[in-house]
Amino acid sequence: MTAPRYAYLGPSGTFTEAALRAMVDPAEIEATPVIDVPAALSAVRGGDADFAVVAIENTVEGGVTATLDTLAEGSPLAILGEVVLAVSFELVARPGTALEDITAVAAHSHGLNQCRRWLAQRLPGAAQIPASSNAAAARELATGDAPFDAALAPPGVGVSLGLEVLASGVADNPHAATRFVKVGRPAAVPSATGADKTTLVVHLPDDRAGALLSMLEQFAARGVNLSRIESRPRSDRPGEYSFSIDALGHIDEPRMAEALVGLKRTNPTVIFLGSYPAATGYPTPVAPGTSEQEFADARSWVQGLRAGRR
Ligand SMILES: O=C(O)C(=O)C[C@]1(C(=O)O)C=C[C@@H](O)C=C1
């Protein structure tokens, strides 16, 4: 059997690679670094990779828009799992560089934003240069003629490239974390674990007052908790928005299945991106009256009514 092929934001050393390693045994897969999130997801869509691991949300920047938008448009993809990693950086530079010598620092734009305050305090005059990834910035510094003299890199990457660490634990928020998802092509949904998450994209009906409220009611009426909802502008219809939603629970559970039926009946587009184990591991909250047994009992009561039982 050939090893499953994974695409991830490279080069080697990115937080995305660390997330990939946290999800699968690197010895059992073939991992290919790619230049950005759309390239990783295109590799899956086009069949060059079986899976991709991509960042979807971080505690400072919120949703990773490249991921949310690329998942929501184009041929169907499925989220199969998630992992959350704590994120803090090392400020790295070529040996002999002092903090006061630094005139320009590079990192992924999310990395720069995750260290905005630190950079303002410690390197107030330095230009901030966006790179395709934090690890790519460190690599360019080590090997090339980089137009910057420092980089914010994932821990350990600078030393492995022969760079010096000028500061470690760099992060504005000591609790900063990034959530990554494993994405594949759609297949039968893996069974519920009891601690699951379902990700959806919903387009609301045009020009209808209360459309957002009635979409949310589909979840509320079945006791389904949302853990994330964000709106994104639609590239095909300027001025209109799609909603990217994480809901706690699994499509195999009647409360989630009924919410999906309601969403499908009342909204023009519902994209199901998958039901998969939640990284928190917290059991799915079950509101009174929404357990599987209560749905089953109520259904058989209705069946009984039809058959004349009162
Ligand atoms: O994987 C990496 O190292 C990245 O550079 C990407 C990325 C992101 O897309 O958010 C990943 C984690 C950090 O939050 C900062 C940047």
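Numbering of ligands and ligand atoms starts at 1, following listing order. We number each residue from 1, following the sequence as shown.
Among all non-hydrogen protein atoms, the one lying nearest atom 14 (O) of ligand 1 is Thr178 OG1, 2.7 Å.
A salt bridge links Glu258 and Arg299; the closest N-O separation between the charged side-chain nitrogens and carboxylate oxygens is under 4.0 Å. The residues Glu253 and Arg222 are annotated as not salt-bridged, no charged nitrogen and carboxylate oxygen being separated by less than 4.0 angstrom.
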Yes or no on side chain to side chain contact (heavy atoms under 4.5 Å, CB included) for Arg94 and Leu163, after CA distance, side-chain angles and deciding distance? CA-CA 5 Å; Arg94 289 196 203 91; Leu163 297 169; 4.1 Å; yes
Carefully, step by step, assess Ser242 and Arg234 under the rule side-chain hydrogen bond (donor to acceptor under 3.5 Å, both in side chains). CA-CA 6 Å; Ser242 73; Arg234 280 177 60 182; over 6 Å; no
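With a 4.0 Å cut-off on non-hydrogen atoms, Ala55 touches ligand 1 through its side chain and not its backbone. Only the side chain of Leu9 comes within contact range of ligand 1, with a heavy atom under 4.0 Å; no backbone atom does. Within the 4.0 Å heavy-atom criterion, both parts of Thr16, backbone and side chain, lie near ligand 1.
Looking only at side-chain heavy atoms (C-beta outward), Arg255 and Val286 come within less than 4.5 Å of each other.
Looking at His110 next to ligand 1, an N or O pair under 3.5 Å apart turns up. Considering both main-chain and side-chain atoms, Phe15 comes within under 3.5 Å of ligand 1 through a nitrogen or oxygen pair.
Between the side chain of Asp101 and the main chain of Thr97, no donor-acceptor pair closer than 3.5 Å is present.
Those atoms of ligand 1 with a heavy atom of Gln114 less than 4.0 angstrom away are 13 (C), 14 (O), 15 (C). Using a 4.0 Å cut-off to heavy atoms of Asn134, the atoms of ligand 1 that qualify are 2 (C), 3 (O), 4 (C), 5 (O), 15 (C), 16 (C). The distance from ligand 1 to the heavy atoms of Asn58 drops below 4.0 Å at these ligand atoms: 10 (O), 14 (O).
The aromatic rings of Phe15 and Phe89 sit perpendicular, their planes meeting at an angle over 60°, well past the 30° parallel limit.
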